[in-house]
Trainee: 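This structure is in structure tokens; I'll ask about it shortly.
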Amino acid sequence: MGVNRDVRINVGELVLDGFDRVDPERASAAFQTELTRLVHERGVPVAADGSRRFDEVTELPELPVTTSAVRLGEALARAVHAGLAGRGRSA
């Protein structure tokens with residue numbers, strides 16, 4: 001399995017509507033931890049040659065209905081990684 005260890009991901013803004021009761025700092029920390037783990041373990045296949053840049057990733061899988069910031073952050077990271085891996089739409 002080819003894992004790209006030189007991937008840089010800069011998430012400028014995450015907009016989550018309908019999650020008013022979730023602690024944004026905990027969700028953000030869980031998101032960062034899980035996305036880092038996924039990139040290190042699985043890489044980002046569509047960016048493996050370094051020529052691909054994403055300005056936006058859309059049509060991601062649905063997030064769970066939860067009040068757990070950690071669960072939401074982890075699910076969001078998996079959805080973003082799926083989008084970066086080619087499952088979803090990117091612009």
Side-chain angles (χ1 to χ4, degrees):
M1 164 174 33
V3 176
N4 186 346
R5 299 211 185 272
D6 295 327
V7 173
R8 288 185 185 188
I9 299 173
N10 179 14
V11 178
E13 179 179 34
L14 292 173
V15 178
L16 299 172
D17 293 325
F19 293 94
D20 298 334
R21 291 182 232 144
V22 175
D23 179 342
E25 286 79 23
R26 289 185 71 206
S28 178
F31 169 79
Q32 184 174 349
T33 299
E34 181 68 1
L35 187 56
T36 298
R37 182 188 72 76
L38 290 167
V39 168
H40 280 119
E41 288 182 7
R42 301 179 189 170
V44 182
V46 296
D49 64 2
S51 66
R52 187 86 186 258
R53 176 186 166 106
F54 298 92
D55 291 323
E56 183 176 314
V57 179
T58 60
E59 296 182 20
L60 299 176
E62 286 192 35
L63 296 174
V65 177
T66 183
T67 58
S68 167
V70 172
R71 183 166 180 239
L72 178 61
E74 291 171 347
L76 180 58
R78 287 189 291 273
V80 168
H81 185 265
L84 294 174
R87 298 180 306 271
R89 224 173 67 180
S90 60

Trainee: Passes side-chain contact (heavy atoms from CB on, under 4.5 Å), Arg37 versus Glu34? Steps please.
Mentor: CA-CA 5 Å; Arg37 182 188 72 76; Glu34 181 68 1; 2.7 Å; yes

Trainee: Is there a continuous path of hydrophobic side-chain contacts, each under 4.5 Å between heavy atoms, that joins Val22 to Leu35?
Mentor: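 Same hydrophobic cluster.
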
Trainee: Name the atoms and distances for all side-chain donor-acceptor pairs under 3.5 Å in residues 66-76, with sequence neighbours left out.
Mentor:
| from | atom 1 | to | atom 2 | distance (Å) |
| --- | --- | --- | --- | --- |
| Thr66 | OG1 | Ser68 | N | 2.9 |
| Ser68 | OG | Arg71 | N | 3.1 |

Trainee: Taking distance alone, no hydrogens or angles, what donor-acceptor pairs closer than 3.5 Å link side-chain atoms of residues 25-32 to residues at least two apart or in another chain?
Mentor:
none

Trainee: When you measure from the side chain of His81 to the backbone N and O of Gly43, does any donor-acceptor pair fall under 3.5 Å?
Mentor: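 Yes; judged by distance alone, with no hydrogens or angles, the pair exists.
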
